[in-house]
Amino acid sequence: MPKIVDRDQYRKKLLNKCFDLFAEKGYASVTMREIAQRLGVSTGTLYHYFPNKEAMFEQLVEERYQHAIASIAPDLERVTTLAERIQIVFDFVAKNEEYFLKQLFLDIDFSQQQGREKLQQNTVLKKLAERALTEFAEILGIRDPQMVIFISALIDGLILARLYNGEMLCLEEQGVLLGKMLTAYQEAGEQISKEEKEQ
């Protein structure tokens, strides 16, 4: 009897294994043949699941994002305030800092290899980024898309800043600070709206 393979599950397994290889060697310097060897599969099998290295990377970005959302969503459902949700996100990033740092380096390496113009024309990554920001806004309970972009960029910047500042910069403390700032910002906005309605 032939072995039944869950194609999607197997594809995810390959993606998870190749993340470490990409992170270790960099996107630009690893070949599909090398990936196949490291994963213990034939290049034919690899090309069956991924038409090329770029498609593999795009699917890897999608898989990493889905995994992060699935990991953090249950904790976010248990809290009600924006400050609490921000704190959960920052605690999650702090607990998985090495993973997020590898991810950031890999994204930078991919971006350098592609070049700015080609990267901006990548519709797959563009759609994924838009969806990710929308979903991130929903789980945080934020309606302002610019605020979500700010939070995402701040997290990336803080991860890089930790390389230079080490223990001087605590991600959890930055989460508390950001939660207070955004709460004050929201309260000020609500007060302005209330005063405008009264006039």
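Since this is a predicted model, take the numbers as computed values, not measurements.
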Would you say [Y] ends up clustered with [X] if hydrophobic residues are merged whenever their side chains have heavy atoms under 4.5 Å apart, either directly or through other cluster members?
{"X": "Tyr47", "Y": "Tyr10", "value": "yes"}
{"X": "Leu160", "Y": "Leu177", "value": "no"}
{"X": "Leu169", "Y": "Val93", "value": "yes"}
{"X": "Leu128", "Y": "Phe110", "value": "yes"}
{"X": "Val61", "Y": "Val124", "value": "no"}

Quick check: are there more than 12 heavy atoms from other residues, nucleotides or ligands sitting under 6.0 Å from [atom1] of [X]?
{"X": "Glu117", "atom1": "CD", "result": "no"}
{"X": "Glu84", "atom1": "CD", "result": "yes"}
{"X": "Arg131", "atom1": "CZ", "result": "yes"}

### Lys102 to Phe19 six-membered ring, cation-pi geometry met (6.0 Å, 45°)
no

Hey, could you give me the [atom1]/[atom2] distance between [X] and [Y], rounded to the nearest 0.5 Å?
{"X": "Asp75", "Y": "Asp91", "atom1": "CG", "atom2": "CG", "value": "9.0 Å"}
{"X": "Cys170", "Y": "Asn165", "atom1": "SG", "atom2": "CG", "value": "12.5 Å"}
{"X": "Asp20", "Y": "Lys25", "atom1": "CG", "atom2": "NZ", "value": "13.5 Å"}
{"X": "Leu82", "Y": "Leu140", "atom1": "CG", "atom2": "CG", "value": "6.5 Å"}
{"X": "Tyr185", "Y": "Leu178", "atom1": "OH", "atom2": "CG", "value": "12.5 Å"}
{"X": "Glu34", "Y": "Lys53", "atom1": "CD", "atom2": "NZ", "value": "9.0 Å"}

The side chain to side chain donor-acceptor pair (under 3.5 Å) partners of Ser71 (sequence neighbours excluded) come to none

Would you check, one step at a time, whether the test side chain to side chain contact (heavy atoms under 4.5 Å, CB included) holds for Thr81 with Thr183?
CA-CA 9 Å; Thr81 69; Thr183 299; over 6 Å; no

Full working for side chain to side chain contact (heavy atoms under 4.5 Å, CB included) between Glu58 and Asn122:
CA-CA 10 Å; Glu58 291 166 351; Asn122 186 315; 2.8 Å; yes

Exercise for review: Evaluate the side chain to side chain contact (heavy atoms under 4.5 Å, CB included) criterion for residues Lys126 and Gln121: first the C-alpha distance (whole Å), next the side-chain angles of each, then the deciding distance (0.1 Å), finally the verdict.
Suggested key: CA-CA 8 Å; Lys126 193 178 216 175; Gln121 293 171 356; over 6 Å; no

Is any side-chain heavy atom of [X] less than 4.5 Å from a side-chain heavy atom of [Y]?
{"X": "Ile35", "Y": "Val41", "value": "no"}
{"X": "Ile69", "Y": "Tyr65", "value": "yes"}
{"X": "Val30", "Y": "Phe22", "value": "yes"}
{"X": "Phe100", "Y": "Ile155", "value": "no"}
{"X": "Gln113", "Y": "Tyr27", "value": "yes"}
{"X": "Met168", "Y": "Arg162", "value": "no"}
{"X": "Phe136", "Y": "Ile151", "value": "yes"}
{"X": "Ile86", "Y": "Val176", "value": "no"}

What's the shortest heavy-atom distance between [X] and [Y], and which atoms?
{"X": "Leu171", "Y": "Ala94", "result": "CD1-CA, 3.7 Å"}
{"X": "Ile139", "Y": "Arg85", "result": "O-CD, 3.2 Å"}
{"X": "Glu63", "Y": "Arg11", "result": "OE1-NH2, 4.4 Å"}
{"X": "Leu119", "Y": "Ser111", "result": "CD2-OG, 3.3 Å"}
{"X": "Cys18", "Y": "Leu39", "result": "N-CD2, 3.8 Å"}

request  = For Asp109 and Ala28, indicate whether the former's side chain and the latter's backbone hold a donor-acceptor pair under 3.5 Å.
outcome  = yes

Inset, instruction - For Arg38 and Leu21, indicate whether the former's side chain and the latter's backbone hold a donor-acceptor pair under 3.5 Å. - result: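 No, because the side chain of Arg38 does not come within donor-acceptor range (under 3.5 Å) of the backbone of Leu21.
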
Quick one, Glu62 with Gln66, criterion side-chain hydrogen bond (donor to acceptor under 3.5 Å, both in side chains). Give me CA distance, side-chain angles, the key distance, then yes/no.
CA-CA 6 Å; Glu62 167 79 19; Gln66 291 298 333; 3.2 Å; yes

task = Just jot down the salt bridge (Lys or Arg N to Asp or Glu O under 4.0 Å) partners of Lys95, sequence neighbours excluded, or say none.
result =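 None.
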
Review point. Where do Arg64 and Tyr99 land on the side chain to side chain contact (heavy atoms under 4.5 Å, CB included) test, with the steps shown first?
Key: CA-CA 10 Å; Arg64 290 178 348 218; Tyr99 173 81; 3.1 Å; yes

Derivation and outcome, side-chain hydrogen bond (donor to acceptor under 3.5 Å, both in side chains), residues Gln59 and Tyr49 = CA-CA 10 Å; Gln59 290 182 41; Tyr49 286 93; over 6 Å; no

What do the steps show when you test Asp107 against Gln103 for side-chain hydrogen bond (donor to acceptor under 3.5 Å, both in side chains), and what is the final call?
-> CA-CA 6 Å; Asp107 291 344; Gln103 181 177 300; 4.7 Å; no

